[in-house]
> 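One structure, pasted below without further comment.
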Amino acid sequence: MRDKTKVIHEGYEKDSQATMAVPIYQSTAYEFRDATHAANLFELKELGNIYTRLMNPTTDVFEKRFASLEGGVAAIATSSGMAALFNTIANVAEAGDNILCSSKLYGGTLTLTAHTIKRFGIEARYFDPHRPQELEALIDEKSKLILFESISNPSIDVADFEPIVKIAQKHRIITAVDNTVATPIHCKPLKLGCDIAIHSTSKYTTGQGLAIGGIVVERESLVDLLKENPRYTHFTTPDASYHGLVYTDLPLPPFSLRMRLALLRDLGNTPSPFNSWLFIQGLEHLPLRMRQHSDSALEIAHFLEDHPKVKKVNYPLLPSNANYPYAQKYLNNGASGLLSFEVENFDDALKIVDRTKLFSLVVNIGDSKSIITHPASTTHQQLNAQELKEAGVPSGLIRLSIGIEDSADLIDDLKQALEG
Ligand SMILES: *Cc1c(COP(=O)(O)O)cnc(C)c1O
């Protein structure tokens, strides 16, 4: 099946009521047939529903559909994108270990890796995703994960996958890619040789800003990387917390199995069935929406590039952009709806933000409604002029998340805001 068919049909087998729409199984727990059935489920002799902290039939459809869309074999849905990121790190690293992270990350991922996991004894070491040669010098025997974003938020950089994957394979380290901005419609990290794809489903997956959620997708045959690999002995030796279970001994995707049985069990950062149902609705039109987000973003990028009040426009599909060669190489069907542009100074930027009528001033992305933000007065307010420069956030920088309204109306709105 192709993507546009998968998002409609994959992973749903109609139950006894034969409902066309996937039902919301709003239930905390499930009845066992008898005591033997219950024991078999807990021993994994049989697979089935136990308790919604671990699994749920509505969430299961969402997980299967998303895994298939990413070209993976299994997925674990979580209560947020940040939970998906934390669970991925916790599934591979423990106190004394380190992870290698792109320096171009989402703000929450930066604070998670630089501060929160540090208190758990896990060190984050940062590399530039356009200079992957820096990566090799950071690796040692305690390195457990390479983490980067396919299209980074907010800097809108496209990672140079090929050399990163080469280094990861040489050292037999798991690579995880936050694919939130690109979505599987524009980028398929698992097909590019990465092991794990992570998403905040709060963004383009719901598409309408309806719910917070996340998902972690595992590639096929990850077991081959885990076996006889001294970095990941917790997958290949008995887990005392699950009466001696060895994850790689079972014929199931081991990364997802451990995340479900050990991490969802103990951390409980599971989505509600209702939110999984909302994500299923969103996925159905994800391919159509991404095409529109992307086409409009490119059109608006060209409009801004030609406008005399605009100093610079950042969008990966503009030939003037440093990311253009990477976008050509790694992205398909467009480059998503995020773009940024620079005007003369802080005050001009504020005026433009205030004059727009269709764009809402919001700190979110991936909504069908267009969004405008001025990082220097909001997300990056605490930085001084020099720090702003180093972070790649000039004081006149404005970021747009282009929605799916008519692009001519969005251009009219930006035009009156720039010239007002
Ligand atoms: C929003 C976002 C996250 C965090 O997701 P939440 O669902 O808000 O927890 C992580 N990574 C990227 C790239 C994001 O845009």
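Positions are given from 1, in the same order as the sequence printed here.
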> Are the charged groups of Lys351 and Asp347 less than 4.0 angstrom apart, N to O?
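Judged by the 4.0 Å cut-off on N to carboxylate O distance, Lys351 and Asp347 do not form a salt bridge.
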
> Can you name the residues that form a salt bridge (charged side-chain N to carboxylate O under 4.0 Å, His left out) with Asp413, not counting sequence neighbours?
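Asp413 satisfies salt bridge (charged side-chain N to carboxylate O under 4.0 Å, His left out) with no residue once adjacent residues are dropped.
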
> Could you tell me if the side chain of Val353 sits less than 4.5 Å from the side chain of Leu361, heavy atoms only?
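Side chain of Leu361 against side chain of Val353, heavy atoms only: contact under 4.5 Å found.
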
> Say whether Glu63 and Thr59, considering side chains only, have a donor N or O and an acceptor N or O under 3.5 Å apart.
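No, Thr59 and Glu63 have no side-chain donor paired with an acceptor closer than 3.5 Å.
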
> Please answer whether the main-chain N or O of Leu418 pairs with a side-chain N or O of Lys309 as donor and acceptor at a distance below 3.5 Å.
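A pair under 3.5 Å: yes.
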
> How about NZ on Lys369, more than 12 heavy atoms from neighbouring residues, nucleotides or ligands closer than 6.0 Å, or not?
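For Lys369, atom NZ is crowded (more than 12 foreign heavy atoms under 6.0 Å).
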
> Between Asp140 and Lys142, does any side-chain N to carboxylate O distance fall below 4.0 Å?
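No, no charged N to carboxylate O under 4.0 Å.
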
> Any idea how His293 and Tyr204 line up, ring-wise: parallel (<30°), tilted (30 to 60°), or perpendicular (>60°)?
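His293 vs Tyr204 ring planes: perpendicular.
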
> Using the test salt bridge (charged side-chain N to carboxylate O under 4.0 Å, His left out), find all partners of Lys311 that sit at least two apart in sequence or belong to another chain.
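Here the qualifying residues are Glu342.
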
> Would you check if the side chain of Ser377 reaches a backbone N or O of His374 as a donor-acceptor pair within less than 3.5 Å?
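Checking the backbone N and O of His374 against the side chain of Ser377, a donor-acceptor pair under 3.5 Å is found.
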
> Testing the 3.5 Å rule here: is there a donor-acceptor pair between the side chains of Thr113 and Tyr126?
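Per modelled atom types, Thr113 and Tyr126 side chains form a pair under 3.5 Å.
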
> Is Tyr106 reaching over with its side chain to a backbone N or O of Thr180, donor-acceptor style, under 3.5 angstrom?
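Answer holds: no.
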
> For Tyr12 and Thr19, which I'm curious about, is there any donor-acceptor pair between the side chains at under 3.5 Å?
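The answer is yes; a qualifying pair exists.
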
> Walk me through it: do Glu218 and Ile196 pass the test side chain to side chain contact (heavy atoms under 4.5 Å, CB included)?
CA-CA 5 Å; Glu218 172 177 0; Ile196 302 293; 4.3 Å; yes

> Between Phe161 and Phe148, does the ring centroid distance fall short of 6.0 Å?
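Ring centroids of Phe161 and Phe148 are less than 6.0 Å from each other.
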
> Under 3.5 Å, is there a donor-acceptor pair linking the side chains of Ser103 and Asp128?
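Result is no, nothing qualifies.
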
> Please check if any side-chain donor atom of Ser102 sits under 3.5 Å from a side-chain acceptor atom of Glu149, or the reverse.
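Not at all, the side chains of Ser102 and Glu149 share no donor-acceptor pair under 3.5 Å.
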
> Are Arg258 and Phe235 in a cation-pi setup, meaning NZ or CZ lies under 6.0 angstrom from the ring centre and within 45 degrees of the ring axis?
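Because its charged atom sits under 6.0 Å from the ring centre and within 45° of the axis, Arg258 does stack over Phe235.
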
> Between Phe66 and His199, is the gap from one ring center to the other below 6.0 Å?
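Ring-ring flag for Phe66/His199: true, centres closer than 6.0 Å.
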
> Please determine, by modelled atom types, if Ser79 and Asn269 share a side-chain donor-acceptor pair under 3.5 angstrom.
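Checked: Ser79/Asn269 side chains show no N/O donor-acceptor pair below 3.5 Å.
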
> Is there a side-chain contact between Ile215 and Thr205 (heavy atoms, below 4.5 Å)?
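A side-chain contact under 4.5 Å is absent here.
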
> Aromatic ring centroids of Tyr315 and His302 under 6.0 Å?
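Judged by ring-centre distance (under 6.0 Å), Tyr315 and His302 do not meet the cut-off.
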
> With no hydrogens and no angle check, is any side-chain donor or acceptor of Ser294 less than 3.5 Å from a backbone partner on Gly337?
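Judged by distance alone, no pair lies under 3.5 Å.
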
> In the structure I gave you, are the side-chain heavy atoms of Tyr30 and Asn56 within less than 4.5 Å of one another anywhere?
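Of all side-chain heavy-atom pairs linking Asn56 with Tyr30, at least one is under 4.5 Å.
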
